[in-house]
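Keep in mind that this is a model prediction, so the values were computed, not measured. Below, chain A is the first sequence line, B the second, and so on; all start at residue 1.
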There are 2 protein chains.
Amino acid sequence: MRIPEPTVERLLQLSRVLENLKAESISSSEIEAKTGWSSYTIRKDISFLQENLGEASGYNRLSLLAAIKRALALGTPWKFCVVGLGRLGSAYLNFPAFADEGFELVAGFDSSVNRIEILRSPVPLYPAYKMGEVISRFSIDLALLCVPAASAQGAADKLVASGIRGIINFAPVVLEVPERVMTSNVFVVDELRSMAAKLACLVD
Amino acid sequence: MRIPEPTVERLLQLSRVLENLKAESISSSEIEAKTGWSSYTIRKDISFLQENLGEASGYNRLSLLAAIKRALALGTPWKFCVVGLGRLGSAYLNFPAFADEGFELVAGFDSSVNRIEILRSPVPLYPAYKMGEVISRFSIDLALLCVPAASAQGAADKLVASGIRGIINFAPVVLEVPERVMTSNVFVVDELRSMAAKLACLVD
DNA sequence: CGGTGTGAATCTATTCACAGCA
DNA sequence: TGCTGTGAATAGATTCACACCG
């Protein structure tokens, strides 16, 4: 059965709550207290997993966690690359947290050959023109796009042509990509703007 | 009139599209081609601004931009601070883009006095125990929370006690805060997980 | 005609209410 | 009694259809 998108989002966050949980069991109202989502919503979300996980005491931490990971394919390994090795991009080359969650960083790309030669990296680095070849050779699924705003669309076009399935975009630019490619924007100024806008318009 | 939250989100992104637009006018179907949102949705979104902005040729770039900024309070200045001055947090101390968008960075905090003394920063730095005093003295609205996961909840508690209105959280932890405080999570591993989950469950 | 603006209809998500279980 | 699970009811967002305007 199809799981609605907001539910996917909450289940992902819920899995983090469960990972950091000390108790071995938790009820929907305890989750409500921790997250702010109503217990109804949480129970409905969990019911999409269709596993009848609830006990009289609530949900068992580990079985619920396992069920979420199974349903959301969090166990399966994904390959990703970093495009643009400036300050931000090169920081992610040395980030250990990815592997813990099943994401394997297999390549870094930059248009400056000079930069590639200078950088020390645990991951092979390639010049930008090899993107197509490398992405299809290693079947890379996802990309972190860390290039400056002015080059973002061009780099995204190359990624799309290489058969990438999703792009996490750090440049403050709305990318134009075909429908089959998923994008998600991570830009801190926009987070501030969005929060300010909500504080100003929604909460009054 | 209250603007629905998804509309706020799209208008924010639309303002970025308009800023990067060369043409002086754009129609709802051209916006659809650029963003993937249906032209109906876009027109409805714009209609929430209640300004009858449309011409026969579409929307005038600058008037639309101005109307969005007015409605979403993007002109008003906001003050924010950075909490946790490790690799990520200290990078944001030297980030010029914030000021362009009306966000004034007024303070940095870290629990290590040593680190505060060593760091060169264009913004005054304070030890963590001064958070309450500094935040209320300068009326700081928002915070970037860049501390390690283990200290995130503790730091968030201090921010809440200091009267912060919103927290942008970079630690992979779901924060427990009172309802009046807005939070938003920016964690790249979660972006990857979310994209992987959607690719695996929604798109089939 | 090309466009916008907007009530009505549809689709989606959340909330509720309550049955069922330990 | 306190919990889950879930159909039904409500609330909300998107899509549609069409009036209207230059």
Side-chain angles (χ1 to χ4, degrees), chain A residues 1-14 17-18 21 23-68 71 179 197-198 201-203, chain B residues 1-14 18 21 23-68 71 179 194 197-198 201-203:
Chain A
M1 197 220 281
R2 192 188 142 271
I3 302 179
E5 183 160 341
T7 295
V8 169
E9 223 64 55
R10 282 189 300 266
L11 288 175
L12 275 167
Q13 295 217 47
L14 179 56
V17 171
L18 295 172
L21 190 70
E24 274 318 302
S25 169
I26 191 168
S27 71
S28 57
S29 41
E30 289 168 320
I31 299 175
E32 170 167 355
K34 282 193 175 289
T35 60
W37 314 315
S38 82
S39 64
Y40 317 123
T41 302
I42 292 154
R43 290 208 300 281
K44 176 79 80 188
D45 286 349
I46 292 173
S47 80
F48 280 107
L49 304 175
Q50 299 192 304
E51 304 215 18
N52 279 46
L53 293 151
E55 315 268 309
S57 54
Y59 301 93
N60 175 272
R61 186 178 81 96
L62 293 176
S63 351
L64 180 51
L65 196 49
I68 293 174
E179 230 178 315
K198 281 177 206 156
C201 330
L202 292 175
V203 191
Chain B
M1 195 220 281
R2 193 188 143 272
I3 302 179
E5 183 161 339
T7 294
V8 170
E9 223 64 54
R10 281 189 300 266
L11 288 175
L12 276 167
Q13 296 218 47
L14 178 56
L18 295 172
L21 190 70
E24 273 317 302
S25 169
I26 190 168
S27 72
S28 56
S29 39
E30 288 168 322
I31 299 175
E32 170 168 355
K34 280 192 174 293
T35 61
W37 314 316
S38 83
S39 64
Y40 316 123
T41 302
I42 291 154
R43 290 208 302 279
K44 174 83 76 193
D45 286 348
I46 292 173
S47 80
F48 280 106
L49 304 174
Q50 300 191 304
E51 304 215 19
N52 279 45
L53 293 151
E55 314 270 309
S57 55
Y59 301 93
N60 176 271
R61 187 179 81 97
L62 292 176
S63 349
L64 180 51
L65 197 49
I68 293 175
E179 230 178 315
S194 156
K198 282 176 206 154
C201 329
L202 291 176
V203 190

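- Contact detail for B/Ser57 and B/Ser25: the closest heavy-atom pair is O-OG, 3.4 Å.
- You'll find the side chain of A/Leu18 reaches within 4.5 Å of the side chain of A/Ile68, heavy atoms only.
- Considering every non-hydrogen atom in both A/Leu53 and A/Ser63, the closest pair reads CD2-O, 4.0 Å.
- Between B/Tyr59 and B/Arg43, the shortest heavy-atom distance links the atoms OH-CG, 3.7 Å.
- Summarising the geometry, the separation between CG on B/Asp45 and C1' on C/dG5 is reported as 13 Å, rounded to the nearest angstrom.
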Mind running side-chain contact (heavy atoms from CB on, under 4.5 Å) on A/Leu65 and A/Leu21 for me, showing each step along the way?
-> CA-CA 11 Å; A/Leu65 196 49; A/Leu21 190 70; over 6 Å; no
Which parts of nucleotides 17-22 of chain D does protein reach within less than 4.0 Å, heavy atoms only, written one letter per nucleotide 5' to 3' as B for base, S for sugar-phosphate only and - for none?
-> B-----
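- A heavy atom closer than 4.0 Å to some atom of DNA chain D occurs in no member of residues 25-36 of chain B.
- Atom pair A/Leu53:CG and C/dA22:P shows a separation of 15 Å (rounding to whole Å applied).
- Remark: A/Thr41 is not in phosphate contact with C/dT14, judged by side-chain N or O atoms under 4.0 Å from OP1 or OP2.
- Both A/Gln50 and B/Pro6 lie near DNA chain D, and the one whose nearest nucleotide falls closer to the 5' end is A/Gln50.
- Taking atom CD of residue A/Glu5 and atom P of nucleotide C/dT14, one finds them 11 Å apart after rounding to whole Å.
- A/Pro6 is not listed as a side-chain neighbour of A/Glu9, based on a closest heavy-atom distance of 4.5 Å or more.
- Separating the CZ atom of A/Phe48 from the P atom of D/dT4 is a distance of 17 Å, rounded to the nearest angstrom.
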Evaluate the criterion side-chain contact (heavy atoms from CB on, under 4.5 Å) for residue pair A/Leu64 and A/Ile46; output intermediate values, then yes/no.
-> CA-CA 8 Å; A/Leu64 180 51; A/Ile46 292 173; 3.9 Å; yes
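- Across all their heavy atoms, A/Trp37 and A/Gln13 have their closest contact at CH2-CB, 3.6 Å.
- Looking at the side chain of A/Lys44, the nearest of the listed nucleotides C/dT14, C/dT4, D/dA13 is C/dT14.
- Atom CH2 of A/Trp37 and atom P of C/dC16 are 18 Å apart (whole Å).
- The one candidate from B/Ile42, B/Asn60, B/Ile31 that meets the side chain to side chain contact (heavy atoms under 4.5 Å, CB included) condition with B/Ile26 is B/Ile31.
- Between the C1' atom of C/dT12 and the CD atom of A/Glu9 lies a distance of 16 Å, rounded to the nearest Å.
- With the nearest nucleotide of DNA chain C identified for both A/Thr7 and B/Ile46, B/Ile46 has the one nearer the 5' end.
- A close approach under 4.0 Å does occur between a side-chain nitrogen or oxygen of B/Ser38 and OP1 or OP2 of D/dT15.
- As judged by a 4.0 angstrom heavy-atom cut-off over every strand, B/Ser57 is placed among residues making no nucleic acid contact.
- Spacing between atom CD1 of B/Ile42 and atom P of C/dT6 amounts to 17 Å, rounded to whole angstrom units.
- Between the CG atom of B/Leu49 and the P atom of C/dT4 there is a distance of 14 Å, given to the nearest Å.
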